[in-house]
Amino acid sequence: MRCFNLTDIETPELKSRGLVNMTLAVRMHLIEPGSSVEVSDDELSRRDAQHYVAVGALAVDSPPPSYILARERAQQALPPTEIPIPALRIRRKS
């Protein structure tokens with residue numbers, strides 16, 4: 001089963017539980033915020049994931065549409081990357 005860590009998008013539930021931007025452990029896998037990992041579908045994996053799914057920190061098989069939309073909006077809200085421009089030196093004639 002594919003497990004998606006949803007903690008990169010802050011929600012009131014995640015904030016109240018201190019789970020914003022947290023790495024989650026399912027079975028022997030560490031799942032970083034905003035990423036996903038393929039985990040074997042067995043009883044232990046389902047039990048590990050159950051609590052995280054209940055509080056909205058983890059999704060199994062596919063992320064929910066609300067998360068996808070919130071992530072797209074967050075990416076659009078980021079300021080454009082600044083490219084440093086070297087200062088020009090002007091030589092004056094003496």
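By convention here, the first residue in the shown sequence is residue 1.
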### Main-chain N/O of A25 paired with D48 side-chain donor or acceptor, under 3.5 Å
no
### Message
Once rounded to the nearest 0.5 Å, what's the spacing between atom NE2 of H29 and atom CG of N5?
### Response
14.0 Å
### Message
Do T7 and V20 make a side-chain contact, defined as non-hydrogen atoms from C-beta onward lying under 4.5 Å apart?
### Response
no
### Task
Return the set of residues passing side chain to side chain contact (heavy atoms under 4.5 Å, CB included) with L69 (not counting sequence neighbours), or none when no residue passes.
E72, R73
### Summary
Correct closest heavy-atom pair for G34 and Y67 would be CA-OH, 3.7 Å
#### Entry: Whether D41 side chain and M1 backbone form a donor-acceptor pair below 3.5 Å
no
### Task
Work out which heavy atom in V26 is nearest to a heavy atom in Y52; give both atom names and the distance.
CG2-CD1, 4.5 Å
### Query
side chain to side chain contact (heavy atoms under 4.5 Å, CB included) with A70: which residues, sequence neighbours excluded?
I9
### Summary
Heavy-atom nearest pair, E32 first then S35, reads O-OG, 2.7 Å
### Message
Could you walk me through whether I31 and T23 satisfy the side chain to side chain contact (heavy atoms under 4.5 Å, CB included) test, starting with their C-alpha distance in whole Å, then the side-chain angles of each, then the deciding distance to 0.1 Å, before giving a yes or no?
### Response
CA-CA 5 Å; I31 311 168; T23 298; 5.7 Å; no
### Task
Could you check if a side-chain atom of K15 sits within less than 4.5 angstrom of a side-chain atom of P12, using non-hydrogen atoms only?
no
### Query
With a 4.5 Å limit on heavy-atom distance, are the side chains of L24 and L30 in contact?
no
### Query
Is the backbone N or O of G56 less than 3.5 Å from a side-chain atom of E13, with the two atoms forming a donor-acceptor pair by type?
no
### Task
Look at the side-chain heavy atoms of Ile, Leu, Val, Met, Phe, Trp and Tyr, link any pair under 4.5 Å apart, and say whether V60 and V37 land in one connected group.
yes
### Message
Could you tell me if the side chain of R27 sits less than 4.5 Å from the side chain of S40, heavy atoms only?
### Response
yes
### Task
Give, for atom CE of M22 and atom CG of L58, the distance between the pair rounded to the nearest 0.5 Å.
13.5 Å
### Full working for side chain to side chain contact (heavy atoms under 4.5 Å, CB included) between C3 and V39
CA-CA 7 Å; C3 293; V39 178; 4.0 Å; yes
### Query
Which residues pass the side-chain hydrogen bond (donor to acceptor under 3.5 Å, both in side chains) test with S45, sequence neighbours left out?
D42
### Query
Do L6 and P33 touch side chain to side chain, with heavy atoms closer than 4.5 Å?
no
### Message
With no hydrogens and no angle check, just 3.5 Å: does a side-chain donor-acceptor pair link R2 and S62?
### Response
no
